[in-house]
Amino acid sequence: MGIELDFPAVLERWPNFLGGAILTLELAFFATVLGAFLGTLAAVGRRSHSLLIARTCKVYVEAIRNTPLLVQIFLVYFGLASIGLKLSAFTVAVAALTINVGAYTAEIMRAGFDAIPRGQLEAAEGLALSRLQIYWHIILLPAVERVYPALTSQFVLLMLASSVCSQISAEELTAVANYIQSDTYRAFETYIIIAVLYIFLSLVMRAGFWGLGFVLFPRRRRLGTPL
Amino acid sequence: CLFMLTVQPARADLLDSIMQAKKIRISTDLAIPPSGMMDGSMKATGSDVEVAQLLAKDWGLELEFIQTTGATRIPNVLTGKADIIISTLSVTAERAKVIDFSNRYATLQSDIGCLKSLNVKDWADLKDKTVGVARGTTQDTTLSNMKDKELKIARYDDDATEVTAAVSGQVDCVGTSATIINQIGVKNPARIFESKIPLATFDLAVGLKKGEPRLMEKLNGWIAENIKNGKLNAIYKKFHGVELPADMRG
Amino acid sequence: MGGHLNFNHLLFLGHGALWTIGLSLIALGGGGLAGFVIALARVSPLKSVRLLSAVYVQLIQGTPLLVILFLGYFGLAAVGFQLSPLAAAGASLTLYVAAYLGEIWRGCIESVPKPQWEAAEGLALSRTQRMMKVILPQAIRIATPPTVGFMVQIIKNTSLASVVGFVELMRSGQIVNNSLFEPFAIYAIIAVVYFAMCYPISLYSQRLERRMGRGKFNLAPA
Amino acid sequence: MQQDTPATSIVSLRDVQKSFGSLKVLDGVSFAVERGEVLAIIGRSGSGKSTALRCIDRFERVDHGEIVVCGHRVDSPDVDLRALRQDVGIVFQSYNLFPHLTIEQNITLAPCSVKRMALSQAKELARKVLAQVGLEEKLHAYPEQLSGGQQQRAAIARSLAMQPKVMLFDEVTSALDPELTAEVQRVIERLAAEGMTMVMVTHEMGFAKSIADRIVFMHRGKVHETGPASILTSPTTPELAQFVGTGDLKS
Amino acid sequence: MQQDTPATSIVSLRDVQKSFGSLKVLDGVSFAVERGEVLAIIGRSGSGKSTALRCIDRFERVDHGEIVVCGHRVDSPDVDLRALRQDVGIVFQSYNLFPHLTIEQNITLAPCSVKRMALSQAKELARKVLAQVGLEEKLHAYPEQLSGGQQQRAAIARSLAMQPKVMLFDEVTSALDPELTAEVQRVIERLAAEGMTMVMVTHEMGFAKSIADRIVFMHRGKVHETGPASILTSPTTPELAQFVGTGDLKS
Ligand SMILES: Nc1ncnc2c1ncn2[C@@H]1O[C@H](COP(=O)(O)OP(=O)(O)OP(=O)(O)O)[C@@H](O)[C@H]1O
Ligand SMILES: Nc1ncnc2c1ncn2[C@@H]1O[C@H](COP(=O)(O)OP(=O)(O)OP(=O)(O)O)[C@@H](O)[C@H]1O
Ligand SMILES: [Mg+2]
Ligand SMILES: [Mg+2]
């Protein structure tokens, strides 16, 4: 007798899978929103005139991009506890994911900023706009539009990478899968099911970003042309 | 069932092929102290490791440890990448649907252990406290099924992460073996844990692929013999600090 | 169980680091070759080939590497292909890396300006000649920085090969921690070792980018 | 070479010097522009015309010399840049409309953000300045939907909306074909007729001749000859003679 | 509008129609080019000049009509593209030299790969065609080391090396400044003098006038007027009159 694949035995736990998938999406959502914010700040920081701010942002980006997410999560989770700060696994997971994806976002956004032609900035300066106003009105949206596909992929990758949060007791999809498979010892069925679920979730996210792009870029909606 | 798939690779009797190869491949997780771990010189040690070594010696076989993680212990034997599992497998009816278990070679007393200073006497005191467990272990399943007790459970990937969480202060209560509960204080004297509420006693058994009656028979014979001669009890005591139940002390 | 961090532990970690490097090289080699095929398939004149390769990329990019490794190792064994852990990890990483590198390289091929394609066409070069003599040499220059940048991701991602039994850097760190329980110190060491392996590569790729005068960024499976 | 910088000037440069690295681009440039005057700067490529214009709006810092624009000491390190730029409108060769905003949004952006004008009022203003350049119907179009000439006119309208005291134009027609060039020139002529003070760098001799009150001919970073538009037909220096000669050859 | 497509033509278009989406870009274009003839296509931006040229070398497929080039039925779906392109050389506005190859490699690439010429022979050829455009000394330079005019001449040399029967030029001088334009024009004049058949889209009326045997004036996707170069000075249609008139205004 070889291996029997008994999907119903595992699928009957669908509420657990559903819960895990929802938590995965929640993690991805919060980390995406906060990470986009943090990353944009860091990207702006890297172009700051203050050497201290620019350096700090660079160190942040490089430190994060060159170490594994799992190590970062452990350091945040156990590090915070060691100094007496007990946060929920969810909070820590969101924080660690945010810090992680923020670094990648910063790198992507920086490329977007660099792609804005100098003439645009001079025109804005010529109109007496302040530095902040120039970032907000002139640079941000076109930069985001230019790197939108890269951002989308990065955040989908973040969702997939959030599986390591199972290590610090966040009950996301992989955690649920591990629980079910050690409870039932039906590892194949479980892994096949979560593979399908992850692919589905990544499609959901891509669709979400597509829709968001529709709202964010009215010009593209009307003209259908990339910047 | 309609969704049931069966894949059948051609194969011979497992016992014969082990004996022919003069080598037994045992799947053991070396990251779950004190059953499987590394000593100061990074050599495998632990109660499961010594049981495996004893078995190989008795049968006159070369021993190969198949490094595994909690998640891959079972797939390793199902797909023939390992012959048997000795890796703190506790026996449950659910699991027995997928693999076969030998007779028990040890037991595992599990408790709820908490920070010594914590005033916990019964289940009611655990309300609002977070209990750390290793995900998918029998302790986890047992606690998860106590729906009426309104417990908050934090599941970690393995015992070690759970202990790390306790040592570093992420949780103040854990559900695990008495041995591990005592270890927490050793690692961090500022956080001494002690057993507060007994949870259950689980039988630990050797796991093997279904449909291997000859290997099963030989394993059971070996276990009975080594219970009688007290070797299994000695190994257990060496690592866990306590003895096996009276009927297993030989 | 217990004791303090000693030389043996460090040796063990070093051994793990070697595996990390070895796995990375395998992944890059296999994934590079397969990725090249994927990139060509993605710009193929045949619609079916383009479609098929696009589906492949979408599937792989939508699945966590952990799951790919698991199914590659145990899944194939379950249907009768017994692969050694090295072969399985190599194959899975190859599949994974190919999808990402293929996408990166497709972008590079397509970013060779359209007039270059037309100029080559106007000179009566055949499709293969156009690709080999005009487009690819230019695409390779564009592709070098992001490819080097992607190596960092490969190095970090080999940590998941522990699921098929490899004791590489991350797993060896976990094993050491599980006998010492000093997570902060040990994971800090691991972080430093990864950083030491990855940062020079990041730096090199950034330098390449700067030399090429373009602000490219690399996508990162975190 | 003349030096005339009376106190009534709206723009005045005195002995302005500017180098990029070892390259001396402006080598003691002086000229002044009166209120309502139209000044055309001409000269060979690389003679420093654009640099001179950019110095006036402080896109470049001068190394030496004095620039006063509408009372702002532009050469001083602590000039209030945003105040200066509210008084000066600048239009470049490459339009530089903001591609993600409609023409209306392009125009209302600065009045709303900088002058804190109410949006409704700004929209009213947008309609007005667009009418001035003959583009009323393009209010809700995006820049890429316009032809080059229309884009350039929209860029002029955008500057006008800030109601500047002086407008600077840097070869605003040289990216356009003859038909579109004529469009933009008509708009500038109208502004001149309405009394706007303007400084323009241009390659179109015919246009300079017809619209400029005064011509500044730059050569190797210096003001080589200056005078009324008539100097184009009767130049006094051989360099200008050669330059306008070349200009004729081109057509 | 005239329709002359005699059997001896080296290039002939008959009633060619081509749309991009709903935009009809070519609306029944017919003209023919004799061996050794130089044809200039002029017309306003967007009138379909480039599209017509690109149809001749099959960079665009026509929707309707017949195109015969050196005996190849270009409109047929199964025309031998590579054979066609060995007979036709095309040069674009944006040079499109291969940046990773030296000028010599740029030139020898096609003869070696397509015609299987020996490398030594191809190098000899490269020297010859480069001499034709006056660039012998740049054999081993990379494109980025050349000025725009030199790059364009190298691109022409690259086409010549395939010994085409007809050359197509699409505004090859419009990215160049007047000085460089003159350089390239001299090269083309020499080719014309040597009897090369050429079709060129150009904005330079003076050049068209001096070199073209025949002019095709396109307007809204149609051949609006055609005739000898003299039509530029005495146009018969008001559109052409306006077109060349505008051109005059420019100077
Ligand atoms: N930011 C800069 N850095 C270095 N050199 C510069 C810079 N800007 C301009 N230059 C150089 O200064 C010289 C004068 O430039 P400028 O743009 O003022 O000339 P111009 O008269 O406007 O010429 P054109 O008619 O070609 O626009 C040129 O040689 C140019 O290369
Ligand atoms: N690939 C394409 N897809 C859609 N529209 C196109 C395409 N190529 C050209 N067009 C449109 O076809 C029309 C004619 O284009 P064409 O390039 O032939 O004009 P032209 O006469 O060469 O103009 P110019 O002098 O500006 O080069 C234009 O309106 C252009 O926008
Ligand atoms: Mg200039
Ligand atoms: Mg054209």
Side-chain angles (χ1 to χ4, degrees), chain C residues 32 35-36 39-40 43-50 101 104-148 205 207-216, chain E residues 50 53-54 56-60 72 79-102 105-117 122 142-144 151-152 154-170 175:
Chain C
F36 182 68
L40 288 183
V43 299
S44 158
L46 294 177
K47 195 166 180 184
S48 54
V49 174
R50 282 203 309 271
L101 279 185
I104 291 175
W105 291 345
R106 172 184 72 106
C108 295
I109 288 175
E110 287 179 347
S111 73
V112 174
K114 187 130 189 301
Q116 290 285 323
W117 298 72
E118 291 194 338
E121 227 181 311
L123 288 173
L125 299 179
S126 69
R127 195 183 155 80
T128 322
Q129 288 170 340
R130 289 200 299 266
M131 209 43 154
M132 301 307 294
K133 296 190 169 156
V134 176
I135 303 306
L136 286 182
Q138 297 185 55
I140 284 171
R141 284 191 43 194
I142 308 172
T144 312
T147 306
V148 173
S205 103
R207 190 156 312 153
L208 282 177
E209 277 165 28
R210 221 168 308 138
R211 197 177 309 159
M212 296 195 46
R214 58 174 66 225
K216 270 271 179 181
Chain E
S50 296
L53 205 71
R54 291 166 58 84
I56 295 176
D57 206 12
R58 203 19 157 63
F59 281 108
E60 308 287 353
H72 305 283
V79 56
D80 180 348
L81 273 184
R82 297 188 61 201
L84 166 70
R85 286 172 180 160
Q86 291 191 41
D87 289 338
V88 180
I90 187 161
V91 184
F92 300 96
Q93 170 180 336
S94 49
Y95 336 138
N96 297 332
L97 291 170
F98 305 131
H100 60 295
L101 302 177
T102 62
Q105 289 167 335
N106 260 282
I107 296 177
T108 54
L109 175 62
C112 290
S113 314
V114 179
K115 296 196 168 169
R116 307 257 152 248
M117 191 180 280
Y142 280 92
E144 62 185 327
Q151 287 191 44
Q152 192 57 289
I156 294 175
R158 185 175 65 180
S159 276
L160 286 178
M162 288 294 280
Q163 294 162 319
K165 302 207 176 86
V166 53
M167 294 274 288
L168 313 178
F169 296 97
D170 191 0

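In what follows, chains carry the letters A, B, and so on, assigned in the order in which the sequence lines appear, proteins first and then strands, with residues in each chain numbered from 1.
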Original post:
In this structure, are over 12 heavy atoms from other groups packed under 6.0 Å from Arg82(E) atom CZ?
Top reply: yes
**OP:** Using a cut-off of 6.0 Å, state whether more than 12 heavy atoms not belonging to Arg207(C) lie near its atom CZ.
**Re:** no
Please look at [X] and chain C and tell me whether the side chain, the backbone, both or neither of the residue comes under 4.5 angstrom of a heavy atom of that chain.
| X | result |
| --- | --- |
| Arg158(E) | both |
| Val88(E) | backbone |
| Leu97(E) | backbone |

Subject >> Main-chain N/O of Leu123(C) paired to Arg85(E) side chain as donor or acceptor, under 3.5 Å >> reply: no
**OP:** Flag the one option from Ala119(C), Ser126(C), Pro113(C) with the top tally of heavy-atom pairs under 4.5 Å to chain E.
**Re:** Ser126(C)
Original post:
Any side-chain heavy atom of Arg58(E) sitting closer than 4.5 Å to one from Glu121(C)?
Top reply: no
Subject >> Closest non-hydrogen atom pair between Phe59(E) and Gly122(C), with its separation >> reply: CZ-N, 3.6 Å
**OP:** Mind checking the CZ-CD spacing from Phe92(E) to Glu118(C)? Nearest 0.5 Å is all I need.
**Re:** 5.0 Å
Subject >> Heavy-atom contacts under 4.5 Å, residues 160-170 of chain E to chain C >> reply: Met162(E)
**OP:** Between chain C and each of Leu109(E), Leu84(E), Leu101(E), count heavy-atom pairs under 4.5 Å; write down the option with the most.
**Re:** Leu109(E)
Original post:
If you count heavy-atom pairs under 4.5 Å with chain C, which of Ser113(E), Ser94(E), Ala110(E), Pro111(E) comes out on top?
Top reply: Ser113(E)
Original post:
If contact means a heavy atom pair closer than 4.5 Å, which residues of residues 128-136 of chain C contact chain E?
Top reply: Gln129(C), Lys133(C), Val134(C)
